[in-house]
Structure formats: structure tokens, C-alpha cells
Amino acid sequence: FFMYEEGTGKAIWYTATGGFAANNDGTFSFTGTLQRYRGGQAATSTAYTAPVATNLGAVSIRFNGVNATVSLPGRTMSATRYDFAGISVAATISQPETGWYWNPLESGRGYAIEVQNNQAFVVMFHYNADGSPTWNTAQGNIAQGALTTQFNAFSGGQTLSGGWTRPSAAQSAGSIGLSFAGPCYGQLQLPGGSGVAAQRFGFGVAQSGD
């Protein structure tokens with residue numbers, strides 16, 4: 001969950017892992033434990049630091065087609081899958097598959113990547129220099145399997161337990177580059193010049209380097 005911190009308005013993220021099951025009415029349900037991480041590796045750092053997790057409570061999501069009902073600690077909200085360029089258009093072999101990407105030697109930070117109609121939308125979850133969690137976004141045309149674009153930062157939006165608030169306009173935090181030669185492996189060039197090899201994360205299977 002890419003949200004904003006209570007009191008400060010700073011970008012903050014939360015994660016949850018758990019079971020996913022079909023219901024008798026044709027819907028699907030996810031249940032898990034919401035966690036907040038801190039103390040990990042920043043986007044501009046080449047030195048790995050292991051983050052520490054704090055459990056915040058139960059979370060559940062009930063999916064019905066492209067719509068969902070999300071129950072978080074403190075509130076319930078509705079959600080709809082984001083169509084930013086045409087969900088129904090298939091990606092090509094030189095573009096990343098939709099999913100979560102990471103470097104197995106840098107567990108604790110990673111990249112959510114989705115491609116729709118040659119447009120890639122990327123969210124990187126990582127940490128500030130003081131160890132607090134943060135996230136940035138990038139979007140651009142990846143028809144040829146590569147792009148270089150602005151690394152966007154936001155603030156002042158909706159908190160975990162609060163009502164909807166419009167975040168700030170995107171602020172540049174440098175640039176980010178992506179290059180994929182296949183659907184599950186690629187290279188990212190992060191702000192500050194550090195290059196990171198990334199691969200799609202496979203849930204429930206052994207990960208090299210893990």
C-alpha cells in the first residue's frame with residue numbers, strides 16, 4: 001500500500017503477504033498481516049542494509065473482477081484496478097511482465113512494474129537516508145524494452161487510517177532507467193548512478209540468493 005505518513009505527509013508504504021482463495025460466489029479473497037518496514041537500503045545507496053518489520057494488524061481484500069473491497073486497520077475502502085493505457089493490450093517479449101521485481105541480494109526494497117499498451121508504470125519501494133520507508137514512481141513508453149524517465153516523489157496524500165486527501169503534484173527526485181531483454185529479467189539505473197539487476201519475484205518458489 002503506497003500511502004502517506006500521519007502528521008508529516010511523507011510518502012510511506014506498507015506490505016502484506018498471506019493466503020489467496022476462491023469464494024463460492026465467484027469472488028476471491030486475500031488475508032494477511034499488514035507490516036511497516038524501516039532501516040533498509042535507499043535508492044541512492046550501493047550498500048545493502050537489512051530492514052526490520054513491525055506488524056500493524058490484519059488486512060483483507062475481497063476481489064470481484066476489477067473491483068475490490070479493502071479492510072485495513074482503522075478503515076475499509078473500495079478499490080479499482082488502474083487502467084492507465086489499456087489493460088487488454090498484451091506486452092511483448094522484450095517488456096517486463098506485470099509483477100514485483102527485486103534483486104535477491106537486496107531484500108527489503110523492490111519494484112512494482114506493470115505494462116499496458118507499451119506504457120510502463122513503476123513504483124519503487126525503498127528507504128530514506130534516515131531509514132524511514134518511502135516510495136517513488138516512474139512512467140513512460142517501453143515499446144522497445146527500455147526507457148529513461150523522471151523519478152517522481154509525492155507528499156501530503158491519504159494516510160493509512162484517514163480520509164482521502166489529494167497529494168502534492170509530482171516532484172522530480174532525479175531520473176530512473178529501465179532496460180529489459182526478456183519478460184522476467186532486467187537492469188535498472190537508479191538516481192545517483194547505481195545500477196541494479198532485477199528479476200521478477202516468484203511467490204512460493206525458491207529464490208536465488210534468498
Side-chain angles (χ1 to χ4, degrees), residues 1-18 32-59 70 72-75 77 99-114 120-140 147-178 186-201 207 209-210:
F1 296 89
F2 300 102
M3 295 183 172
Y4 300 87
E5 188 176 42
E6 297 275 1
T8 69
K10 294 179 179 179
I12 188 173
W13 54 269
Y14 308 90
T15 66
T17 57
T33 300
L34 194 68
Q35 294 182 310
R36 180 181 64 239
Y37 285 82
R38 67 170 294 112
Q41 187 175 1
T44 55
S45 173
T46 58
Y48 174 68
T49 304
V52 177
T54 300
N55 292 343
L56 301 179
V59 58
V70 184
L72 296 164
R75 71 182 172 100
M77 68 179 189
W100 295 93
Y101 288 77
W102 73 325
N103 184 310
L105 301 179
E106 299 175 353
S107 177
R109 71 176 187 177
Y111 321 87
I113 303 177
E114 181 166 0
F121 185 75
V122 183
V123 185
M124 180 180 180
F125 59 96
H126 58 110
Y127 305 86
N128 293 307
D130 65 1
S132 58
T134 192
W135 53 269
N136 298 82
T137 70
Q139 185 172 354
L147 70 86
T148 299
T149 188
Q150 182 170 295
F151 199 51
N152 294 317
F154 299 87
S155 62
Q158 188 171 15
T159 65
L160 180 64
S161 59
W164 182 80
T165 302
R166 184 183 298 278
S168 67
Q171 302 292 316
S172 177
S175 65
I176 183 172
L178 290 83
Q187 184 81 13
L188 291 92
Q189 197 72 25
L190 301 179
S194 59
V196 177
Q199 64 187 57
R200 188 177 178 190
F201 185 83
Q207 302 290 316
D210 190 15

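If you read the sequence from its start, that first residue is 1, and numbering goes on from there. Note that the coordinates shown come from a computational prediction; the quantities given were computed from them, not determined experimentally.
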If I compare all heavy atoms of [X] with all of [Y], which pair ends up nearest, and what's the gap?
X    : Y    : answer
Y111 : F125 : N-CE2, 3.7 Å
S194 : T46  : CB-CG2, 3.8 Å
P51  : S107 : CD-O, 3.8 Å
L56  : R36  : CD2-NH1, 3.6 Å
P133 : I12  : CG-CG1, 3.6 Å
E6   : S161 : OE2-OG, 2.8 Å

Does some side-chain heavy atom of [Y] sit less than 4.5 Å from a side-chain heavy atom of [X]?
X    : Y    : value
V196 : R109 : yes
Y101 : L188 : no
T15  : T17  : no
Q199 : W102 : yes
F121 : V123 : yes
V122 : T149 : no

What is the distance from atom [atom1] of [X] to atom [atom2] of [Y], rounded to the nearest 0.5 Å?
X   : Y    : atom1 : atom2 : result
Y4  : K10  : OH    : NZ    : 14.5 Å
L72 : M3   : CG    : CE    : 5.0 Å
R75 : T159 : CZ    : OG1   : 6.5 Å

Please test T148 against I176 for side chain to side chain contact (heavy atoms under 4.5 Å, CB included), starting from the C-alpha separation and ending with a verdict.
-> CA-CA 6 Å; T148 299; I176 183 172; over 6 Å; no

Please state whether the rings of Y37 and W13 are parallel, tilted or perpendicular, taking 30° and 60° as the class boundaries.
->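 Parallel: the ring planes of Y37 and W13 meet at under 30°.
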
Any side chain to side chain donor-acceptor pair (under 3.5 Å) pairs touching residues 48-58, not counting sequence neighbours?
-> Q35-N55

If you look only at pairs with a residue in residues 124-140, which of them pass as a side chain to side chain donor-acceptor pair (under 3.5 Å), with sequence neighbours excluded?
-> H126-N136, N128-S132, D130-S132

Could you tell me whether a side-chain N or O of S168 sits under 3.5 Å from a main-chain N or O of S155, the two making a donor and an acceptor?
-> yes

Worked check of side chain to side chain contact (heavy atoms under 4.5 Å, CB included) between F1 and V70 | CA-CA 11 Å; F1 296 89; V70 184; 3.8 Å; yes

